Amino acid sequence: MEIKFERFHLQSDSRSPLGGSEIISVPTEVRIDPLTKRRSRIITWALPPQDKFDFSRMIQESKKCIFCPENVLQKTPQFLNEISSEGRISVGEAIGFPNLYPAGTYGSVVVLCSDHFLNLNQLTSEIYEEALSVSVEIIRKTMGFDPDARFWQMSQNYLLPGGSSILHPHLQVIGDPIPTNEMGWLLDNSTSYYKENGTLYWNDLIQIEKGLGKRYISSIGKVHWFVSFAPIGFNEVCGSVEGHGSVTTLGQGEIASLAKGIVSTLKYYYEKNLNSFNFSIYSIVGETSYQLLIRIISRTPFQSNYLNDCTSFEVLQSELTANIIPEELCREIRPYFP
Ligand SMILES: [Zn+2]
């Protein structure tokens with residue numbers, strides 16, 4: 001099984017609306033993901049950039065929320081005694097507890113900090129290091145109680161376009177005995193690759209990307225950061241953690257490296273006037289053919305005339321789109337990484 005970078009060039013031609021004989025040509029690229037074989041459509045035009053949104057009214061209206069320091073220890077649920085006798089799990093300002101509205105077997109929330117709102121450039125690597133440490137501890141403790149819950153995501157939905165109804169920075173930790181679709185695709189294809197080649201897909205991909213130099217961003221410790229050949233979201237940045245398939249084996253060094261990469265990506269998003277994002281860390285215990293992956297994407301920024309970025313392409317055609325050429329994104333984002 002070879003790692004192939006397949007692409008289709010599509011082009012649309014029309015006569016200029018200004019009249020005359022000028023022909024306007026707009027290219028679109030369809031790329032096939034080398035692992036999952038899923039198609040991504042890269043739209044090469046972009047909507048005009050917006051100014052930074054002023055969140056002050058929203059902050060005023062929503063402050064003293066359930067995640068704010070005066071409420072978080074009073075109004076949030078606590079873990080079962082069998083998982084954590086302390087009820088909640090804290091590291092620094094980060095605090096984790098069960099989700100009152102879970103979407104699976106084990107659903108937790110980790111509040112990142114005491115601040116009710118932070119712009120993307122105010123989220124520091126210390127904040128993420130603490131939040132990820134709490135998340136890892138939740139997973140370790142829960143798996144001590146239920147070892148069958150092998151499939152975990154640590155995900156963040158930031159602001160309303162990202163799917164979060166609460167402004168206060170927080171992330172979700174969700175575990176199940178069965179994988180999500182995405183985890184299933186990643187695992188099945190990584191396993192087939194391993195069986196056929198005897199090597200880890202992710203290590204081979206990283207070596208190839210390093211050699212090509214067009215999409216490899218940087219390595220921070222054991223985390224290799226790169227832009228996907230066939231992204232499944234806007235401004236997608238990925239990180240693969242060498243030597244780990246699950247977050248349960250991570251040391252503090254790898255957690256810090258993940259935190260640094262997240263913050264570097266968010267600083268770039270902030271400079272581009274983006275304010276909403278999602279990330280997922282796909283963590284699978286007990287699979288030697290899989291390597292831990294994080295994927296970060298931006299969402300259409302929150303603004304007065306908000307435009308949803310999921311069109312019929314994404315929700316009905318299962319064809320995910322990206323809005324920047326991956327190689328261009330890699331060039332732009334590299335200076336933000338250490
Ligand atoms: Zn709050």
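Computed from a predicted model, the values in this text were never measured in an experiment. Just follow the structure's listing: the first ligand is 1, and inside any ligand the first atom is 1.
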Engineer: Find out whether Tyr282 and Leu187 are in side-chain contact, i.e. whether some heavy atom of one side chain is under 4.5 Å from a heavy atom of the other.
Structural biologist: no
Engineer: How about Ile32 and Phe8: do any of their side-chain heavy atoms sit closer than 4.5 Å?
Structural biologist: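 In contact.
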Engineer: Is the side chain of Asn197 donor-acceptor paired with the backbone N or O of Met1 at a distance under 3.5 Å, no angle test?
Structural biologist: yes
Engineer: List-wise, which protein N, O or S atoms are found short of 2.8 Å from the Zn ion (ligand 1)?
Structural biologist: Cys65 SG, Cys68 SG, His116 ND1, His168 ND1
Engineer: Closer than 3.5 angstrom, by distance alone: can the side chain of Arg88 be matched with the main-chain N or O of Pro98 as a donor-acceptor pair?
Structural biologist: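 No.
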Engineer: Taking only residues at least two apart or on different chains, which pairs with a member in residues 308-319 satisfy side chain to side chain donor-acceptor pair (under 3.5 Å)?
Structural biologist: Arg41-Glu319, Arg299-Asp309, Thr300-Asp309, Thr311-Glu314, Glu314-Thr321
Engineer: Treating Ser218 as the side-chain partner and Phe337 as the backbone partner, does any N or O pair qualify as donor plus acceptor under 3.5 Å?
Structural biologist: no
